[in-house]
Amino acid sequence: MVKPFFNSSSWSPKDVANIWPVIQDVGHDLGFDFYDAEFHILNSDQMCEMYANIGLPISLPHWRYGREYLTQKNEYIKGKSGLAYEMVINTDPCICYLMESNTSIMTATVIAHASCGHSDVFKNHYLFNKTDAKHIVPFLRYSREYILECEQKYGVDEVENTLNAIMCWENHAVFKTNKPRRKTKGDKCNEIKNWVEEKERLEKLRLDNHLTAEQYELLKLDLDDKIKNLDPEEINKHTPTGYDTENILYFVEKYTKSLSLWQIELVRIIRQINQYFLPQIQTQVINEGWATLADYTIMQELNRRGYLTDGQYVEYLEDHSSVINQYLHLPSYTTVGNAVKGVNLINPYYLGFKTFWELKRVCEQPTKEDEEMFPDYCNTDWKKTLRFAMENYKDESFLLQYFHPNTCQEMKMCGIYTNENIDYYLVEADHSREHFESMKEFLAKNYLSRNGVPQIDIDEVTKEEVVLTIETKDNRDINIPHTEVALEVLEKILLGYKVLVRWEMRKLSIRDWSKLMRQKQEVKESLQYTVSVF
Amino acid sequence: MSFSIVDRRPQGSGSTVGNKKRFIDKHKERIRRHIDEKRKYTGIKDKFKKVIIEGIKGIYHPSENIDSGETRTVGVNNDIYNAGDKIRKSPFDQLMGGAGKDANSDKFHEIILSDKEFLDIYFENWKLPNFIKKALITTETTYEKGGYSTTGSPALLDIKKTYKNSLSRKMALEFAKEEEVKRLKKEIKHCKDNKKISILKKELQNLEEYMIPFIDDKDVRYKSKYEVEISEKKALVILVLDISGSMTDSKLFLAKKSFQLLYWFLLKVYKNKVELRFIVHTTQAKEVDEKEFFSTRETGGTSISPAFVLAEKILNEDRYLGYNKYLFQASDGDNWVGDNDESCHLLESILKKLQYYMYVAINIRHNDANNFYKTVEDNFGYDEKVGTVLINDESDIFINIKELFEGF
């Protein structure tokens, strides 16, 4: 005889021990595959602290985590932001934090959501496979002790200054793609060197009569074409960096002249931590959608088997609908008015869950339109298709592939474009079927990359100079004071190299570059004109 | 599959105390300045604990200006517009940065200090005077059970530990003995010289007859004790307040404010170790509790000696034997004629038991020769244990009292 889990809305750690094996079995039956679980029970103050550490149980000894804790606590006390019901991190075994002030149904939901849903994504997604889930907590422990040791040996101030300097460049400290994005001049010269050797080898083969004259001429033409830009002086000047042009801290780690060993170790620590967090930023919609799907199906099954009474199931449905709330009951001018000011109103829980749910419907009961749009997924096993969708895509490619026009219509989406020279907002796409493709692309671009981070690459490296290129997206202006300070910090770290910025075939020092940028912005402001349509 | 549940609630909050402290230390100058400004309002209100820090120099990321260039946002629930429509911008629209909010570039930042942190900086260098001296003179120690020693009387023999030691010794020696026996036997086998064989055989026989003793002198252990210092310092502080008719509303206000300051100071530094007793007097003295102390008011004449009598009675109580004792008094100096001498006598006898006596004189009239303040100054002015403070205004309170306490 199966008994319901809970009698009242209060719960204790014993209840968790009772329900987790059952939820595990149900999860496996429904096709989810997740790590072992570890539950930590906290009160609300401790939850604030966990926020500041981004969920990890150990934090590095640095003041910025103290400041984030204070900000979070202030906002919570004033009511500006609420605390999340759950927090889960990507480790093996998966650590899930439960708040003691939740009701018992909420706790069961959280357990299903986090330890079955999120854990599944952490275990099987292609980006998360590259992160080291088992060793992150020992790594943090090691790095914390290392920093404290360094403080004892070399002084608190020096360590703090080093860490401040390194953290300025933490947004440019990750490897994002497998293929190299650009090649520095040193790498191009390296390739040219290889081709020169290839040419010599060809000549040797010709002399030994392994090649006919025609073959030799053809191959020689090809190589000559590639070698013609050769400048023998430049080859020896530039150092090849092996195609790591985006990862500036990696460059610092390998090619620095002046940092001592312990500082290089700190650079490596910060780099590894940011590399660990990278997939979580790139897969928010998939993560939340899959986890909501997990807890939705698991709670339904639990009710069917008798572990939850009908009343408790209804309570769960209420919670569920408030989690995936998309404010569709508000009047139109509020939501569009907010969007126009740049507030992002899209709830990733709603978007992810609805995308997966529509995909499930397409698999089981496709309409004629679905057969035209998604021919590969009609009449297939929904579990396999959804798993494939979860495991192999990032946010924007996921939306480009699987976003359904029905969801678009339910949300009544619109895409709004503006720039600083015009005095109106242009609605580029709306939720009709004709504009669906452009709306989909508009939405996917939203999740493409982080807003506000310029693209900085390393262009040339010689024995004395490092040349960077700085590009912004969408014609934005660079925030000159901050970038200038960050570049000067980089120069201090790379003592021995001069840091220059490339601008239209010229190489400018930091001061000249910032002067030029300021002039340009002043010119732009003075010429501000608005195109008026009204 | 295994799982584990960790209940972290009893651990309490404070895992980020280190980092929070680092952040506050970094801006200590700013916080100190802020608190200095608040000192002129005596009394500690909650709103004083909020500090706004501007211009944080910390981490600067290279970033873009979000409100420049093109922006594309996705709106929902759009009932009104079609593709291709244009919406007029209003001059009051301000672009709020969405995902690109860079917390590091906040122009200002608000901190709310906790009670403890606030008081730490408020009373930065203060200490109760002569506090440590007495504790040093009489360090009391007790003995607690624990540990083992190798000497003692047979009644203190610890059998378990002795037996453990003997077992381990026996095992080690038997093992060694076995190895020796094996080695000798091997040698005898491979040896060809008859003389040597006989010598070796004798050795072997001796070894096999040797019995390992059951208990050795070195194994024996006795239970022992060790000394522990009682390091708790305890203090008793008596506060005496004059609430007679001569104390007008404003004077009473000042007196209460200065006592509030002292009360906060004692709470912060000597939290659990200070006992406070409150005495209120007009022509008669009576003991009250904290609430009444800060809120009552009576009329009548003034005489100080009953207060001292009551104070002495409290000081003589049995349970305050090892304590450091202090007396803080506030009044405006008015006293019944002829009472000054008796008060002086009483004060002399009390002073022998006290570590420190402080008199806070509020708005005294300097022409009055009968003033208690003058008596104190005349007789005890050069005494180490006595301190006096003159207060005329609210802003004087903190400065003058601080001078007294900081020197220690």
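Keep in mind it's a predicted model, so treat the numbers as computed, not measured. Proteins come first, then strands; the chains are lettered A, B, ... in the order of their sequence lines, and each starts at number 1.
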- Item | Which of A/I416, A/T483, A/L60 touches chain B most, by non-hydrogen pairs under 4.5 Å | A/I416

- Do you know which of A/E38, A/H40, A/M413 has the most heavy-atom pairs under 4.5 Å to chain B? A/H40

- Against chain B, label A/A429 side chain, backbone, both or neither, depending on which of its atoms sit under 4.5 Å from a heavy atom there. backbone

- Flag side-chain contact, heavy atom, 4.5 Å: A/Q326 against B/N77: no

- Task: Find the one option among A/E410, A/E100, A/K412 whose heavy-atom pairs under 4.5 Å with chain B are most numerous.
- Result: A/K412

- Item | Heavy-atom contact with chain B under 4.5 Å, split by part of A/E160 | side chain

- Item | A/N164, A/L487, A/V485 screened by side-chain contact (heavy atoms from CB on, under 4.5 Å) with B/Y60, the one that passes | A/V485

- Task: Spell out, as yes or no, whether a donor-acceptor pair under 3.5 Å connects the side chain of B/H61 to the backbone of A/A486.
- Result: no

- Top contributor to chain B interface from A/L330, A/V427, A/V156, A/L426 [non-hydrogen pairs under 4.5 Å]: A/V427

- Query: When you measure from the side chain of B/E64 to the backbone N and O of A/T472, does any donor-acceptor pair fall under 3.5 Å?
  - Reply: no

- Item | A/I41 side chain near B/R9 side chain, heavy-atom distance below 4.5 Å | yes

- Donor-acceptor contact below 3.5 Å, side chain B/N78 vs main chain A/D430: no

- Message: Ignoring hydrogens, what is the shortest heavy-atom contact between A/P454 and B/S63? Give both atom names and the distance.
- Response: CD-CA, 3.7 Å

- Query: Is chain B contacted by the side chain of A/P93, its backbone, both, or neither, given a heavy-atom distance below 4.5 Å?
  - Reply: neither

- Salt-bridge present (A/K445, B/E70; N to O < 4.0 Å): no

- Below 4.5 Å, heavy atoms only, C-beta onward: do A/H62 and B/I59 meet side chain to side chain? yes

- Message: Is A/H435 in contact with chain B via its backbone, its side chain, both, or neither, using a 4.5 Å heavy-atom distance?
- Response: side chain

- Using non-hydrogen atoms only, which part of A/I456 is less than 4.5 Å away from chain B: side chain, backbone, both, or neither? side chain

- Go through B/D79, B/V6, B/N82 and name the one with the most non-hydrogen pairs under 4.5 angstrom from chain A. B/V6

- Interatomic distance, OG1@A/T418 vs NZ@B/K86, rounded to 0.5 Å, equals 12.0 Å

- Query: Below 4.5 Å, heavy atoms only, C-beta onward: do A/K14 and B/I5 meet side chain to side chain?
  - Reply: no

- Between A/I346 and chain B, which part of the residue has a heavy atom less than 4.5 Å away: side chain, backbone, both or neither? side chain

- Item | Considering all heavy atoms, the nearest B/N65-A/R476 contact | O-CD, 3.3 Å

- Message: Please report the interatomic distance CD1(B/I87) to SG(A/C414), rounded to the nearest 0.5 Å.
- Response: 7.0 Å

